[in-house]
Amino acid sequence: MNRFKKYTLNIIISFTILFLCANLISYFAVRIFLKDEQKITTKINDVSISYTKSGKGLPVLLIHDFNSSSDEFGNTAADLSKSYTVISMDLPIYGSQNSKVDYNVNNLAELCNNFMSSLGYNSYYVIGHGAGANIALEMCRNYTSVQKTVLVSLKEKNLTAKPNIMTWLSNKSYFLYMIDYATKFLNLQHIDMTILEKNFKAVSRIPYESFKKAYNANFDYKSETNDKNLNGEVLIIDGKNYDEASIDYAYTLFSKHNNLKIHTIENCGYHPQIEAEKMFLSSVEEFLK
C-alpha cells in the first residue's frame, strides 16, 4: 500500500511539474514570439488608452469584455472598416500606469465618450461585448453623441463571485485561460487561436491591483431599470443557446423602449462575433446602415 501511495504521489508531482513547465513555456512563447499589433496611444485626463483606427466613414467604437482585449472582435473590425471608421480601444486596465483608474462602469463610459470626443467625433456608433456592453449601455443612456448602440452578450452580472489572487494567477496560465475561453463556445471548431493568444497576452500583463479594482467595479455594477431614456437605437445580439437568462434580462431592462431590437443567434455561445461571424456581421451592418 505504501508503495502504491508513493507511486501515485510521484505521478501527481511529475504531472504538476510538467503542467507548470508547459505553462511557463507557453506563457513566454506567447509573450516573446506573438507580435503586438501597432497601436496608437493617447491620454485622456492622465489615463493612457491604446487603440487602433482603420477604414473610412461614420465612426464605430468597439469596446471589449474584461479579461479580454480589443483583439476579441477578430475579423469584425476588419470587415466593418470597409464601410466605417473603426476604432478598437483597449480598456485602461493594462499596465501599472493606470492602476489608479476608477473602474466604475459609469466612469469608464465617460472616459470612452471623452476619448471619442478627443478624436473629433461628436456623433458615433458603439459596439460593446460582455462587460463592454455594460459600458456601452451607460454611454447610450448618458451621451447624445451615441447614435446607435450594439450590445453583445449583455448580462446583468458578468461575474458570479468576486475574483481573488488565484483568479488573477490563473490568467497567467495559458492552458487555464484557454479552458475558460473554450467553455464560452458551443462549437469549439470556431475558436480562433490567434485571437485567444492575443487576448491572453494582453490579460497576462494586468497588474493585480488593476485586475482587482476593475473586476470589483464590474461585480458591483447594477444597471438602472428602464426609467431612463436611451439615445438613438439599440440592438442586442446574443447567443440563444448559451444563456437565455441574459435575453430575459434584456427584455426586462428595455421593456418600455420602442427603439430596441433583439437578435438571438441559434447554436451560438458567448462570442457571436467569432462563433457566428457572418451572421453577426450581417446583423450589425443591417442595423448600422
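- The side chain to side chain donor-acceptor pair (under 3.5 Å) analysis of residues 53-63, with sequence neighbours excluded, yields the pairs Lys53-Tyr121.
- Side-chain atoms of Tyr177 never come within 3.5 Å of backbone atoms of Lys201 as a donor-acceptor pair (strictly under, hydrogens ignored).
- Annotation: the span from Asp65 atom CG to His129 atom NE2 amounts to 5.5 Å, rounded to 0.5 Å.
- The CD atom of Glu285 sits 6.0 Å away from atom CG of Leu80, with the distance rounded to the nearest 0.5 Å.
- Asp90 and Ser70 share a donor-acceptor pair across their side chains, judged by distance under 3.5 Å alone.
- Using cut-offs of 30° and 60° for the angle between ring planes, the Tyr174 and Phe200 rings count as perpendicular.
- Note on Asp46 versus Lys43: no salt bridge recorded, every NZ/NE/NH1/NH2 to OD/OE distance being 4.0 Å or above.
- Between the side chain of Asp180 and the backbone N or O of Leu176 there is no donor-acceptor pair closer than 3.5 Å.
- Across all their heavy atoms, Cys140 and Thr149 have their closest contact at CB-OG1, 3.1 Å.
- Residues Thr76 and Asp79 have side chains that never bring a donor and an acceptor to within less than 3.5 angstrom of each other.
- With rounding to the nearest 0.5 Å, the separation of CD1 in Ile127 from NZ in Lys148 is 11.5 Å.
- Of the possible polar contacts, none joining the Ser88 side chain to the Leu62 backbone as a donor-acceptor pair under 3.5 Å is found.
- Closest non-hydrogen pair, Ile87 versus Met116, comes out as CD1-CE, 4.0 Å.
- A search for salt bridge (charged side-chain N to carboxylate O under 4.0 Å, His left out) contacts involving Asp192 returns nothing, not counting sequence neighbours.
- Two different hydrophobic clusters hold Ile179 and Ile274 under the rule that ILVMFWY side chains link at heavy-atom gaps under 4.5 Å.
- Heavy atoms only, all atoms of each residue included: Ser81 and Val86 are closest at N-CG2, 3.5 Å.
- The CG atom of Asn164 lies 8.5 Å from the OG atom of Ser170; values are rounded to the nearest 0.5 Å.
- Residues Val146 and Ser123 fail the side-chain proximity criterion, which asks for heavy atoms closer than 4.5 Å.
- Judged by distance alone, the side chain of Tyr215 and the main-chain N or O of Asn67 form a donor-acceptor pair under 3.5 Å.
- Using bins of under 30°, 30° to 60° and over 60° for the plane-to-plane angle, the ring pair His271/Tyr181 lands in the tilted bin.
- Exactly one of Thr42, Thr41, Ile40 qualifies for a side-chain contact (heavy atoms from CB on, under 4.5 Å) with Ile49. That residue is Thr42.
- Taking each heavy atom of Phe73 and Gln273 in turn, the nearest pair found is CA-CG, 4.1 Å.
- Within the model, atoms CG of Leu151 and CD1 of Ile236 stand 5.5 Å from one another, a figure rounded to the nearest 0.5 Å.
- When side chains are defined from C-beta on, Tyr125 does not count as touching Leu61, because their heavy atoms never get closer than 4.5 Å.
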(request) Let me see the working for Leu281 and Asn75 under side-chain contact (heavy atoms from CB on, under 4.5 Å), right down to the final yes or no. (result) CA-CA 9 Å; Leu281 182 65; Asn75 295 328; over 6 Å; no
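- For the pairing with Val150, the side-chain contact (heavy atoms from CB on, under 4.5 Å) check across Ile237, Val60, Val234 returns one residue only, Ile237.
- When side chains are defined from C-beta on, Gln147 does not count as touching Glu233, because their heavy atoms never get closer than 4.5 Å.
- Of all non-hydrogen atoms in Lys213 and Tyr103, the two that sit nearest each other are CB-CD1, 3.7 Å.
- No donor-acceptor distance shorter than 3.5 angstrom exists from the side chain of Asn45 to the backbone of Val47, with no hydrogens or angles considered.
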(request) Go through the steps for Asn114 and Ser117 under the test side-chain hydrogen bond (donor to acceptor under 3.5 Å, both in side chains), then give the verdict. (result) CA-CA 5 Å; Asn114 290 343; Ser117 295; 5.1 Å; no
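- Within a 6.0 Å sphere centred on CE of Met166, heavy atoms belonging to other residues, nucleotides or ligands number 12 at most.
- Within the 3.5 Å criterion, the main-chain N or O of Leu186 finds a donor-acceptor partner in the side chain of Glu275.
- Of the possible donor and acceptor atoms, none in the side chain of Ser68 sits under 3.5 Å from a partner among the backbone N and O of His64.
- Interatomic distance, SG of Cys112 versus CD1 of Ile63, reported as 4.0 Å (0.5 Å rounding).
- Inspection of the Tyr270 and Asp238 side chains reveals no N or O donor paired with an N or O acceptor under 3.5 Å.
- Proximity of Glu110 to Tyr143: side-chain heavy atoms (C-beta onward) are separated by under 4.5 Å at one or more points.
- Using cut-offs of 30° and 60° for the angle between ring planes, the Tyr51 and Phe115 rings count as perpendicular.
- For Glu286, the salt bridge (charged side-chain N to carboxylate O under 4.0 Å, His left out) partners at least two apart in sequence or on another chain are Lys289.
- The neighbour count for Gln38 CD, taken as heavy atoms of other residues, nucleotides or ligands under 6.0 Å away, does not exceed 12.
- At least one side-chain heavy atom of Leu235 sits under 4.5 Å from a side-chain heavy atom of Ser283.
- Side chain to side chain, Ser204 and Asn171 fail the donor-acceptor criterion of an N or O pair below 3.5 Å.
- In summary, the side chains of Asn113 and Tyr124 do present a donor paired with an acceptor at a separation below 3.5 Å, with no hydrogens or angles considered.
- Shown here for Glu72 and Ile195, the closest heavy-atom pair between the two residues is CA-CG2, 3.8 Å.
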(message) Applying side-chain contact (heavy atoms from CB on, under 4.5 Å) to Thr167 and Phe211, what does each step give before you reach the verdict?
(response) CA-CA 10 Å; Thr167 313; Phe211 172 86; 4.0 Å; yes
(request) Apply side-chain contact (heavy atoms from CB on, under 4.5 Å) to the pair Asn104 and Leu108, showing each step before the final yes or no. (result) CA-CA 6 Å; Asn104 175 275; Leu108 290 177; over 6 Å; no
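- By the neighbour-count criterion of 12 heavy atoms within 6.0 Å, atom CE of Met178 is densely surrounded, having more than that number from other residues, nucleotides or ligands.
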